[in-house]
Each structure stands twice: as C-alpha cells, then as structure tokens.
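The structure under discussion appears below in the form of structure tokens.
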Amino acid sequence: MATDKSIGKSLAEIIEVRKDKLKQLRELGINPYPYEYKRSHFCNDIINNYTDIKEKVVVKVAGRLSSIRQMGRANFADIQDSSGKIQVFLQEKKLGNLGYKLFKLLDLGDIIGVAGTVTETRTGQITIFAEELTILSKSLRPLPVVKEKDGKVYDAFKDKEQRYRQRYLDLIVNPESKNVFETRSRLTQWTRDFLNNRGYLEVETPILQPLYGGASATPFKTHYNALNREFFLRIADELYLKRLIIGGFDKVYEISKNFRNEGVDRTHNPEFTALEFYETYVDYNYMMDFVEDLFHNLCERLGKSIFHYDEHEIDISQPFQRKTMFELLEEYTGLNLKEADEDEMKNACESKGIKTESTDHYGNYIEYLFDRFVEPNLIQPTFVMDYPKAISPLAKIKRDGSDRIVERFELFIGAKEFANAFSELNDPIDQEERLRTQERLGAEGDAEAQTYDKDFITAMEYGMPPTGGVGVGIDRMTMLFTNQSSIRDVLLFPQMKY
RNA sequence: GCCCUGGUAGCUUAGUUGGUAGAGCAGCGGCCUCUUAAGCCGACGGUCACAGGUUCGAAUCCUGUCCAGGGCACCA
C-alpha cells in the first residue's frame with residue numbers, strides 16, 4: 001500500500017492540475033460543488049424506455065463521468081449512475097460558450113448533471129444529446145482507468161489490497177463487485193421476509209456484554225469507564241435471545257455482528273454477521289426443515305439453484321442430506337463408534353493417526369475424527385445430526401436416552417459449516433451443571449470452554465419452554481449465493497492491518 | 001503464530017545468467033464534428049514497498065521490516 005509519503009511526483013501533479021481546473025471553474029463563476037440537482041431519470045431507465053422517451057422529453061441525469069472521447073468539436077462521454085451508464089453527446093453549439101468551457105475543464109471521475117434529449121447515434125447507440133451541462137462535484141484524484149470492449153475488460157482494477165482498503169474505488173469501477181453487495185443486501189432482506197412471514201419478531205440484544213457466552217470463542221475485551229469494569233464484545237447473542245424466549249416471545253431473531261478474537265483467513269473475519277433465531281415448542285427436526293426451506297426460498301428468489309463455492313458445484317435446490325455424526329464417521333472411517341466409550345474413542349483417533357492431548361475428552365475425539373475424515377467430504381448440502389454433549393453445552397440430551405449425545409445439527413455445504421442448531425436445553429439444573437463443567441474446563445486451560453453465566457441460569461430457573469434455535473452465518477451464506485470463495489469479497493470493509 | 005508467493009508511474013504491466021527501468025491507459029500540449037479499449041503527433045511522469053548487506057555495478061542476489069494473497073493452526 002502506497003502511503004502519501006511514497007506517492008510519486010506525478011500523482012501530485014495530476015492533483016495540482018485538477019485543483020487548477022477547480023480554480024478556473026470558480027473564475028468562470030461556476031460553483032464546482034453545488035447543493036442539488038433535480039434529475040428526471042436514471043441511466044438505465046432511459047435505455048429501457050427509449051421508445052417512449054425518444055426525442056420527446058428533456059431528460060436530466062446525474063452521475064460520474066466515466067469516459068470521454070473527443071473528436072474535434074464532437075465529444076462523446078459516458079455518465080455512470082447507480083443504475084448503469086449512458087452515452088452523452090456534447091458540442092459547443094448546443095452547450096454554449098460557457099457550457100463548453102466547463103466541459104473542457106472536466107476530468108474522468110467528476111460528478112456531473114446532463115440535460116438533453118435522447119436519440120440514437122449513427123451507430124444506433126442510445127445517447128443523450130446534451131443541451132445543458134452542470135458540474136456537481138469536482139474530483140481531485142484520478143480513478144483507476146478501466147477500459148472495456150464487447151464485455152471484455154481491459155486494465156481492470158484488480159489489486160486486492162487496494163480494492164479492500166479503498167472499497168469505494170472497487171465499487172465505482174468493478175460492477176461485478178457492486179453486484180455482490182447488492183445481492184448480499186437482498187439476501188438478508190429476503191431472510192428477514194422469510195422469518196417475518198412466519199411470525200418472527202426481530203430484536204436487538206447487547207453487543208457490549210459483561211460476560212461472553214453462547215459459543216466457544218476468544219472474545220475482544222474492552223473497558224467500560226463509567227462502571228470501571230471489563231466488558232466483552234459479544235461472540236454470540238444466544239443467551240440473550242433465550243432470555244427473550246423465557247420472557248414469552250414465541251419466535252425471535254436477530255441479524256447482527258459477532259466478534260471473535262481469532263485468526264483472519266479466507267472464511268473468517270474478526271467481525272462477522274450471524275443470524276440467530278429461536279422458536280418455542282419445536283425441536284431440531286423442525287428446525288432442519290425450516291433451514292432447508294430458508295435456503296430453498298433464497299434460491300428461488302435469486303432464480304438460481306447451482307452455485308460455485310471454491311472449486312465445487314453445488315445444487316441448493318435439491319433436498320438436503322440428513323445423516324447422524326456416527327453414520328458419517330462410519331461412512332468415512334469405516335469405524336462404528338456408536339457404542340464406543342472415551343478410551344475406545346481415543347484409540348480410534350490414534351489408530352487413524354490423530355494426535356491427542358492429555359486434556360482431551362470424548363467430545364474432542366469425535367470432533368477430531370469428524371473434522372479430519374468427514375467434513376472435507378460434505379460438499380452438497382448435508383445436515384449432520386447428533387453431536388457429543390461434551391462440545392455442546394447448550395443442547396438438550398438426545399431423546400433416546402443416550403447421555404453422551406445431544407440433539408444438535410450443523411449444516412455443511414462445500415465442506416464449510418453454514419448453520420448450527422439445537423433442541424435447546426431448557427432444564428436449568430442440567431444447564432447449570434454443563435456450564436459449571438465448561439467453567440472447570442476453562443480453568444484447566446481449555447480455550448474453547450464456555451463461561452458460566454449465573455444470570456442466564458437464573459432466567460432459565462423461571463422456566464423456559466421447549467425451544468428450537470438456529471445460528472446461520474450470513475457472510476458464508478452470501479459467499480455461497482454470490483459464488484465468492486473469500487469472505488473479504490462479501491464484506492464491504494474487510495479487516496486489514498494498519 | 002508458522003510456511004509459501006508477491007509488492008515496478010494514478011491504473012494495468014515488461015524487465016533475460018546482476019550492467020543502472022520499457023510500454024499501454026490516464027494526465028499535459030497539438031490535430032480531428034458520430035466515437036465507444038476512438039485515432040494520430042509530441043513532451044512529461046519511477047527512491048523498482050522500506051532498511052541494511054554483497055558487488056566496480058542491484059528492480060534482479062542475501063538479511064531484516066512492513067503490507068497483501070494463498071496454505072497450516074484456531075475458529076464460523
């Protein structure tokens with residue numbers, strides 16, 4: 001990344017030239033930064049309604065000057081707004097002396113307004129023949145220059161670092177990037193629609209929390225001066241949403257940022273967006289149907305069913321596979337571990353070449369085997385059901401009576417986790433024991449152990465209805481539905497070092 | 001945190017076993033009244049990420065630092 005110090009002389013010169021043009025505009029009595037412009041059309045509206053508009057009305061468009069082609073006294077330019085681009089034809093005899101002087105002082109990147117009638121050029125291109133030109137904002141820095149012919153882009157602005165650090169430039173010159181973010185916004189809106197239509201209530205719960213919980217992760221810490229107390233940026237909103245279920249709401253959800261003080265990579269950003277939703281009197285089987293419906297619904301609204309995630313082609317419109325963790329372990333390791341105890345599970349790990357640690361327990365062993373042998377194979381949408389209790393302290397014991405397994409599922413697509421859900425534990429005594437166990441594991445050095453939240457236990461002691469709950473990673477969902485393989489390409493401002 | 005790869009003009013880039021940086025676009029000055037990667041002519045524009053080192057000589061080789069991308073670990 002070039003710093004101002006290292007920017008060469010030539011950029012400084014370009015900026016000086018533009019500042020000089022700014023001065024010249026002011027000397028002509030033109031305000032280069034006026035207050036408003038009443039536009040009549042977006043560029044694409046003109047192109048789409050050309051036959052109605054043709055030569056009949058004066059249109060006024062506003063946007064960024066993105067290309068200029070000068071032929072003596074005939075000038076063509078492209079103006080780009082949020083809808084797209086349209087060509088403008090400019091000549092002195094229409095613009096007048098002052099208007100033409102203004103035109104000559106324009107640079108690529110300037111924000112301008114153009115008024116004129118619409119007709120076709122000799123080559124058949126829909127074009128505004130400018131009668132009036134207005135500068136709306138003078139640009140002082142040169143934009144990346146991107147050329148295009150027949151849909152092929154030349155000199156594309158593709159430096160990843162600069163695209164992330166100066167996302168606005170990326171959005172101006174890379175329409176496909178802008179499209180990803182527009183799609184992201186639609187996906188979250190459609191997700192809200194889906195939940196709202198089913199009677200869900202959208203809520204907001206604290207991001208600044210006195211205690212972090214609801215997930216296994218390292219938090220960001222901060223200090224609240226007024227209370228002279230350590231606070232945490234939330235790693236999940238689960239425990240607050242459950243308090244609302246206890247409070248009598250039947251169906252609640254929240255779409256909001258979580259923060260985890262962990263590594264950054266292609267699928268992780270320290271702040272990321274999660275959807276969590278909870279519904280009373282349902283279990284994880286109901287929630288599996290629900291999640292599948294949600295994904296199918298998003299597919300439908302996008303009008304697509306095949307997506308590309310990493311090198312995989314994924315069909316979201318098909319029914320999702322549903323398999324238990326033990327079924328999958330047997331499928332991919334050949335070992336039937338359903339009845340295995342902790343020692344046998346440990347042996348299974350070692351027989352498969354997995355190194356274990358002295359602090360590991362039954363749950364870890366299953367996790368290791370699953371992560372190594374099963375997860376990489378879960379390409380098409382698959383619900384993995386029934387996780388070890390030891391790594392699922394907020395989920396209810398499996399109803400068949402097994403004490404080691406809980407009713408939990410995760411949705412895997414493209415070998416990545418997309419959703420995590422439980423038949424929520426609502427037995428306050430069991431919950432207290434499980435969080436106490438987590439607290440003890442944490443004290444023994446287990447970095448993934450969850451915290452003991454007394455206030456949450458108190459809430460549960462008042463009685464929590466049977467509830468199904470789900471968390472969905474919105475960033476990953478966006479990656480899937482926009483065919484992006486890096487989380488940075490679905491975050492407007494991904495985390496960067498400074 | 002570790003490993004690999006990379007960083008050359010505002011943008012996109014070339015640069016051979018080390019010989020002292022070349023182009024296109026943009027910008028600047030000309031020419032041009034239907035172009036659209038407009039074209040033609042001309043002159044500009046570079047501390048080759050940063051700092052050391054080796055060498056007669058470094059964009060190039062070595063070391064360190066910064067930043068990025070990818071991978072590992074951790075996680076979603």
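Note that the structure is a prediction, hence the values are computed from the model and not measured. Naming convention: chains lettered A, B, ... in sequence-line order (proteins, then strands); numbering from 1 in each chain. As a basis for the values below, the full set of heavy atoms in this structure was taken, side chains included, without hydrogen atoms, waters or symmetry mates.
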- [ ] Specify the residues of residues 75-100 of chain A, ordered by number, for which at least one heavy atom lies under 4.0 angstrom from an atom of RNA chain B.
- [x] A:Phe76, A:Gln87, A:Gln91
Task: Base-pairing string, 5' to 3', of RNA chain B - Watson-Crick or wobble, under 3.5 Å, | interstrand - done: (((((((..((((.....[..))))..((((.......))))......(((((..]....))))))))))))....
Open item on the list: Need one value for A:Arg163: base, sugar-phosphate or nothing, where a base atom within 4.0 Å counts as base even if backbone is also close, heavy atoms only.
Closed with: nothing
TODO: Measure centre to centre between the rings of A:Phe272 and A:Phe259, then say whether the value is under 6.0 Å.
DONE: no
Task: A:Glu424 side chain to A:Thr467 side chain, donor-acceptor N/O pair below 3.5 angstrom - done: no
Task: Residue among A:Asp170, A:Asp159, A:Asp489 satisfying side-chain hydrogen bond (donor to acceptor under 3.5 Å, both in side chains) with A:Tyr164 - done: A:Asp489
Open item on the list: Starting the side chain at C-beta, find the nucleotide from B:A76, B:G45, B:G70 nearest to A:Ser486.
Closed with: B:G70
Open item on the list: Under 4.0 Å from OP1 or OP2 of B:G71: is there any side-chain N or O of A:Arg266 that close?
Closed with: yes
- [ ] Taking the six-membered ring for Trp and the single ring otherwise, decide whether the centroids of A:Tyr253 and A:Tyr278 are under 6.0 Å apart.
- [x] no
Task: Electrostatic pair A:Lys152-A:Glu148, nearest N-O below 4.0 angstrom - done: no
Open item on the list: Assess whether a salt bridge exists between A:Asp310 and A:Arg266, defined as any Lys/Arg side-chain N lying under 4.0 Å from an Asp/Glu carboxylate O.
Closed with: yes
Open item on the list: Both A:Ser216 and A:Val146 contact RNA chain B. Which one's nearest nucleotide lies toward the 5' end?
Closed with: A:Val146
Open item on the list: Using ring centroids (six-membered ring only for Trp), state whether A:His296 and A:Phe320 fall under 6.0 Å.
Closed with: yes
Open item on the list: Checking contacts here: which listed nucleotide (B:G70, B:U12, B:U35) is nearest the side-chain heavy atoms of A:Met71?
Closed with: B:U35
- [ ] Report the residues that fulfil ring-ring contact (aromatic ring centres under 6.0 Å, His included) with A:Phe422, sequence neighbours left out, ordered by chain and then residue number.
- [x] none
Open item on the list: Could you check whether A:Tyr309 and A:Phe481 have their ring centres less than 6.0 Å apart?
Closed with: no
Open item on the list: Please tell me whether A:Tyr212 and A:Phe232 form a close aromatic pair, meaning their ring centres lie under 6.0 Å apart.
Closed with: yes
- [ ] Please determine, for the side chain of A:Gln125, which listed nucleotide (B:G27, B:U33, B:U35) has the closest atom?
- [x] B:U35
Open item on the list: Does B:C11 have its OP1 or OP2 closer than 4.0 Å to a side-chain nitrogen or oxygen of A:Gln162?
Closed with: yes
Would you mind writing out the side-chain donor-acceptor pairs for residues 468-475 of chain A within the sub-3.5 Å range, not counting sequence neighbours?
| from | atom 1 | to | atom 2 | distance (Å) |
| --- | --- | --- | --- | --- |
| A:Asp475 | OD1 | A:Arg184 | NH1 | 2.9 |
| A:Asp475 | OD1 | A:Arg184 | NH2 | 2.9 |
| A:Asp475 | OD2 | A:Thr273 | N | 2.7 |

- [ ] Pick base, sugar-phosphate or nothing for A:Lys158, based on heavy-atom distances below 4.0 Å to the nucleic acid.
- [x] sugar-phosphate
TODO: Check the distance between B:U8's P and A:Glu161's CD and give it to me in whole angstrom.
DONE: 10 Å
Open item on the list: Between A:Asp110 and A:Lys138 (salt bridge meaning N to carboxylate O under 4.0 Å), is one present in this structure?
Closed with: yes
TODO: Between A:Ile487 and A:Tyr498, name the one whose nearest nucleotide on RNA chain B is closer to the 5' end.
DONE: A:Tyr498
- [ ] Name every residue in residues 109-123 of chain A that has at least one heavy atom under 4.0 Å from any atom of RNA chain B, in order of residue number, or write none if there are no such residues.
- [x] A:Thr121, A:Arg122, A:Thr123
Task: Rounded P spacing from B:A51 to B:A9 in Å - done: 15 Å
Open item on the list: Categorize A:Asn269 for me: base, sugar-phosphate, or nothing, with a 4.0 angstrom heavy-atom threshold over every strand shown.
Closed with: base
Task: Polar side-chain contact A:Arg73-B:U33 base: donor and acceptor under 3.5 Å - done: no
Task: Length of the CZ-C1' vector between A:Phe129 and B:U36, whole Å - done: 13 Å
- [ ] Establish, with yes or no, whether the OP1 or OP2 oxygen of B:A68 is under 4.0 angstrom from a side-chain nitrogen or oxygen of A:Arg165.
- [x] yes
Open item on the list: Can you see if the side chain of A:Lys21 gets near the phosphate of B:C28 - specifically, an N or O under 4.0 Å from OP1 or OP2?
Closed with: yes
Produce the list of close N/O pairs, under 3.5 Å, pairing protein atoms with atoms of nucleotides 24-26 of chain B; give distances to one decimal.
| from | atom 1 | to | atom 2 | distance (Å) |
| --- | --- | --- | --- | --- |
| B:G24 | N2 | A:Asp155 | OD2 | 3.1 |

Open item on the list: From C-beta outward on A:Met496, which listed nucleotide comes closest to its side chain: B:A38, B:U33, B:G69?
Closed with: B:G69
Task: From A:Ser392 atom OG to A:Arg434 atom CZ, the distance as rounded to the nearest 0.5 Å - done: 8.0 Å
- [ ] Could you tell me whether A:Phe418 contacts a base, only the sugar-phosphate backbone, or nothing, with contacts defined as non-hydrogen atoms closer than 4.0 Å?
- [x] nothing
- [ ] Among A:Glu204, A:Glu202, A:Arg234, find the one that has a side-chain hydrogen bond (donor to acceptor under 3.5 Å, both in side chains) with A:Ser256.
- [x] A:Arg234
Task: A:Glu13 CD - B:G46 C1' separation (whole Å) - done: 12 Å
TODO: Indicate whether OP1 or OP2 belonging to B:C67 is found under 4.0 Å from a side-chain N or O atom of A:Lys497.
DONE: yes
Open item on the list: Are the side chains of A:Lys178 and A:Ser82 in contact, using a 4.5 Å heavy-atom criterion?
Closed with: yes
Open item on the list: Under 4.0 Å, heavy atoms only, any strand: does A:Phe272 hit a base, just the sugar-phosphate, or nothing?
Closed with: base
Open item on the list: Can you confirm whether or not the ring centre of A:Phe231 sits under 6.0 Å from the ring centre of A:Phe220?
Closed with: no
- [ ] For A:Gln70 and B:G29, give me the distance from atom CD to atom C1', rounded to whole Å.
- [x] 13 Å
